[in-house]
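Structure record follows, encoded as structure tokens.
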Amino acid sequence: MNDFKEKLLLARKKLEAADAVVVGAGAGLSAAAGLDYSGDEYRKEFADYIKKYGFPDLYSSSFYEFPTEGQRWARWARHIDYIRFRPGAMPLYKELYDLVKDKNYFVITTNVDAQFRKAGFDSSRIFEVQGDYGLMQCAVGCHPKLYSDKETVENILGHSHDLTVDKEYVPVCPVCGGNMDVHVRKNQYFVQDKAWDEAASRYEEFMKRHADSGRVVLLELGIGYNTPAIIRFPFERVVYHNPNATLIRLNAEYPDGPAETASRTISFTENMGEVIDKLKATAN
């Protein structure tokens, strides 16, 4: 199915008839929404880091091994503020919310920018698998508790100099006295606290109720092959096993899925904002 209008009408029909909608979102959605990890805005915001370290994008810079915690946290504070705290709800996320807000929906996302909550999605219907830039944890997970990093980020930004910050502003674990880290899954120390476990359970229960036999629409947005086992492959398995399921995949780079489920997969390679806008328009 290649006709854009035909695909839009079929996707809208499936959404209208759905008993449940599962939104699965990855980095491609936030990129389409305008959170700039590598473009002009990034190059302006991080010009000093690019000049000194040659970082091509924000993502790769987060893996750089700085020699001191002051340098590491000076970079992270700017990163967190730029992506997590400073932006409001991006228009694309608001449009997505308008598209599904009256449906029985649940969101699973690998994004850590809290855009779904900012846009109005019900927090009890969101599972942020990979963490949240607005939280921090013990770097070695010595205890299962998360802490807001907003005040820490503000203090670091206010006292940074020469791409570092003095030791007094660097967070330390209140239990073991060791280093702290932003709450992002990158190693075996990622903390899954009570709230994370409860969100995981709510998502699992939602899928148990709807994935096996119901008229479920899996709305997949910007999921590539960085962590496909979290959303992309599970969504494809649902469509494979449930003849009443439909996968609506918005992905310019990786639109194709298994041939066995091609008849129940509607793929869009067009601009994500345009597709969501037109899906809304066809409902009127």
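Just so you know, these numbers use all the heavy atoms, side chains as well, and skip hydrogens, waters and symmetry mates.
- Relative to the ring axis of F46, R78 places its NZ or CZ within 45° and under 6.0 Å from the centre.
- Aromatic pair F106/H210: centroids not less than 6.0 angstrom apart.
- A salt bridge is defined here as a Lys NZ or Arg NE, NH1 or NH2 lying under 4.0 Å from an Asp or Glu carboxylate O, and D193 with K145 fails to meet this definition.
- R75 forms no cation-pi arrangement with Y49, by the criterion of a distance under 6.0 Å to the ring centre and an angle within 45° of the ring axis.
- Note on ring orientation: taking the six-membered ring where Trp is involved, the planes of F190 and H183 are parallel (angle under 30°, cut-offs 30° and 60°).
- The CG atom of L279 lies 10.0 Å from the CD atom of E16; values are rounded to the nearest 0.5 Å.
- Cation-pi geometry between K101 and F121 is not met at under 6.0 angstrom from the ring centre and within 45 degrees of the axis.
- More than 12 heavy atoms of other residues, nucleotides or ligands shown are found within 6.0 angstrom of CD on Q188.
- Comment: R185 does not engage E128 in a salt bridge, judged by the lack of any side-chain N to carboxylate O separation of less than 4.0 angstrom.
- A salt bridge is absent between R117 and D122; no separation between the charged side-chain nitrogens and carboxylate oxygens falls under 4.0 Å.
- Using a 4.0 Å cut-off between charged side-chain N and carboxylate O, R43 and D40 make a salt bridge.
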**OP:** Applying salt bridge (charged side-chain N to carboxylate O under 4.0 Å, His left out), run through E69 and K167 and close with a yes or a no.
**Re:** CA-CA 8 Å; E69 283 295 287; K167 186 177 180 180; over 6 Å; no
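- Looking at D149 and I80, their side chains come closer than 4.5 Å, going by heavy atoms from C-beta outward.
- No side-chain donor from either of N155 and T152 sits under 3.5 Å from a side-chain acceptor of the other.
- Residues that satisfy the side chain to side chain contact (heavy atoms under 4.5 Å, CB included) test with S201, not counting sequence neighbours, are absent from this structure.
- A side-chain donor from one of R125 and N104 sits under 3.5 Å from a side-chain acceptor of the other.
- With respect to D81 and K150, no salt bridge is recorded, no charged nitrogen being found less than 4.0 Å from a carboxylate O.
- Dense packing is recorded around OH of Y64, with more than 12 heavy atoms of other residues, nucleotides or ligands lying under 6.0 Å away.
- Around NZ of K103, the count of heavy atoms belonging to other residues, nucleotides or ligands within 6.0 Å exceeds 12.
- Counting heavy atoms from C-beta on, the side chains of Y203 and V107 never come closer than 4.5 Å.
- Y225 has its side chain within reach of F233: a pair of non-hydrogen atoms, C-beta onward, lies under 4.5 Å apart.
- Annotation: side chain of L146 is in contact with side chain of V191 (closest heavy-atom distance under 4.5 Å).
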Residues 23-35 side chain polar contacts: donor-acceptor under 3.5 Å, at least two apart:
| from | atom 1 | to | atom 2 | distance (Å) |
| --- | --- | --- | --- | --- |
| S30 | OG | Y93 | OH | 2.7 |
| S30 | OG | N111 | ND2 | 3.4 |
| S30 | OG | D113 | OD2 | 2.6 |

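- W73 and Y169 have their aromatic ring centers separated by at least 6.0 angstrom.
- With values rounded to the nearest 0.5 angstrom, F66 atom CZ is found 9.5 Å from R72 atom CZ.
- No donor-acceptor contact under 3.5 angstrom links the side chains of Q115 and R84, judged on distance only.
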**OP:** Any chance you could lay out the salt bridge (charged side-chain N to carboxylate O under 4.0 Å, His left out) test for E95 and K278, step after step, and finish with the verdict?
**Re:** CA-CA 10 Å; E95 290 210 348; K278 290 187 178 298; over 6 Å; no
